[in-house]
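Order of the sequence lines sets the chain letters (A, B, ...), proteins ahead of strands, with each chain counted from 1.
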Number of protein chains: 2
Amino acid sequence: MTALRDRLTIGELSARSGLAPSALRYYEELGLIHSERTAGGQRRYARAALRRVAFVRAAQQVGLSLEEARRAMGGLPQDRSPNAREWARVASTWQHRIDARIAELERLRRKLDGCIGCGCLSLRTCRLYNPDDAAADGGPGARYLLGDEPPEPAESAEPAEPAGG
Amino acid sequence: MTALRDRLTIGELSARSGLAPSALRYYEELGLIHSERTAGGQRRYARAALRRVAFVRAAQQVGLSLEEARRAMGGLPQDRSPNAREWARVASTWQHRIDARIAELERLRRKLDGCIGCGCLSLRTCRLYNPDDAAADGGPGARYLLGDEPPEPAESAEPAEPAGG
DNA sequence: TCTTGACCTCAAGCGCGCTTGAGGTTGCAG
DNA sequence: CTGCAACCTCAAGCGCGCTTGAGGTCAAGA
């Protein structure tokens, strides 16, 4: 097997990571992974590259761009296993990212839940469900289904009755 | 105020939704929202468009494409409030999406957690942390940090203790 | 040694989700 | 009626994350 040397060809890395060679070259161009070259100019990857690729994919799942992933991996060595400290630091950054993302989704979920369950299906009183006339607060970008809490109904153009749950 | 008619201009919808007019025109082109036109050809939106836009943005948060969002809103009327049944159906589709996404993230989180906490920081025994030598199973795309469970180390192509130094 | 598939570079292209710009029209306030 | 901001269409462009293709080289098995 060509695979038994301690360096991987791009084809091998591709097979193992599930990413196309073109994608790996692209990652390398962006500085996400690193390779050495044979005398003839072909890429050879250290095994650590496989972990880095996995990292990048996971990063994308959490919503990071490739550039952000690159920065996130700043503390990880290119061709060696990271030590505990390095790993812990990077991973903890992640936990926060992930937690934030989960919280965001749970907020969204609860809002949809509440909307169905709050008994306000008359569609006039539920500010979540029917926010049209209390909008334009909180500056551009306020969208209830996303992060923002509905504003107090103070200057709303429509009579709002608190949605009893 | 120009806003008090029951139809919104694109500028008003833009201000209230936080999206640029160009984005709204684009959404309309894709069939995500709908407008009527004045005699002169300018767009006028029903208030329901605001809800639809919020919906789209939320959909994007959950990871849907605009096309998927369009399909997801298939059950919602263009220019009036949806009824309970319509809403419930659409929203429940969402719950599943959101739940799946959350589960995915929690899986990822737990893996990172475990990696730090499992005591395997020798970096040789932890298959999550150091999966290089058990990879290439599960077909292309197997990446431990994502959804896949690490495979049993049985038929691995390599001796478990390479990587000298 | 020869063969052949895997590899190389460079440039262009694609799909998504918009934005920008040119060139022209509408509609409301004054 | 006039002025001017807001609107219109259409076409092109952008950033991201890759893929595709042309044209050529490398390296390992027979």
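Rounded to whole angstrom, the span from the CD atom of B/Gln60 across to the C1' atom of C/dC16 amounts to 10 Å. The CZ-P distance, from A/Arg44 to C/dC7, rounds to 8 Å in whole Å. One interatomic measurement links the two molecules: CD1 of A/Ile10 to P of D/dT19, which rounds to 11 Å at whole-angstrom precision. In this structure, the CG atom of B/Leu30 is 12 Å from the P atom of C/dT19, given to the nearest Å. We find that CD of B/Gln61 is positioned 15 Å from C1' of C/dG17, with the value rounded to whole Å. One interatomic measurement links the two molecules: CD of B/Glu29 to P of D/dA11, which rounds to 11 Å at whole-angstrom precision. Here D/dG17 presents its C1' atom at 13 Å from CG of A/Leu24, a figure rounded to the nearest Å. Atom pair B/Tyr45:OH and D/dA6:P shows a separation of 16 Å (rounding to whole Å applied).
Checked against C/dG17, D/dC18, C/dT20, the side chain of B/Ser65 finds its nearest nucleotide in C/dG17.
The side chain of A/Tyr27 places no N or O atom within less than 4.0 Å of a non-bridging phosphate oxygen (OP1 or OP2) of D/dG17. The phosphate of D/dC7 has OP1 or OP2 within less than 4.0 Å of a side-chain N or O from B/Thr9.
Of the two residues near DNA chain C, B/Arg25 and B/Leu64, the one whose nearest nucleotide lies more 5' is B/Leu64.
Looking at residues 33-43 of chain A, you'll see A/Thr38, A/Gly40, A/Gln42 sit with a heavy atom under 4.0 Å from some atom of DNA chain D.
With a 4.5 Å cut-off on side-chain heavy atoms, B/Arg44 and B/Arg37 do not count as touching. Residues A/Leu105 and B/Leu105 meet the side-chain proximity criterion, which asks for heavy atoms closer than 4.5 Å. Residues B/Tyr27 and B/Leu19 form a side-chain contact, since some pair of their non-hydrogen atoms from C-beta on lies under 4.5 Å apart. Under the 4.5 Å side-chain criterion, counting only non-hydrogen atoms from C-beta, B/Val56 is not in contact with B/Arg70.
Of the charged side-chain nitrogens involved, none lies within less than 4.0 Å of a carboxylate oxygen, so that A/Glu29 and A/Arg25 do not count as a salt-bridged pair. The existence of a salt bridge linking A/Arg43 and A/Glu28 is confirmed by a sub-4.0 Å separation between a basic side-chain nitrogen and an acidic carboxylate oxygen.
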Criterion salt bridge (charged side-chain N to carboxylate O under 4.0 Å, His left out) on A/Glu106 and A/Arg109, from CA distance to verdict: CA-CA 5 Å; A/Glu106 279 177 343; A/Arg109 193 196 198 294; over 6 Å; no
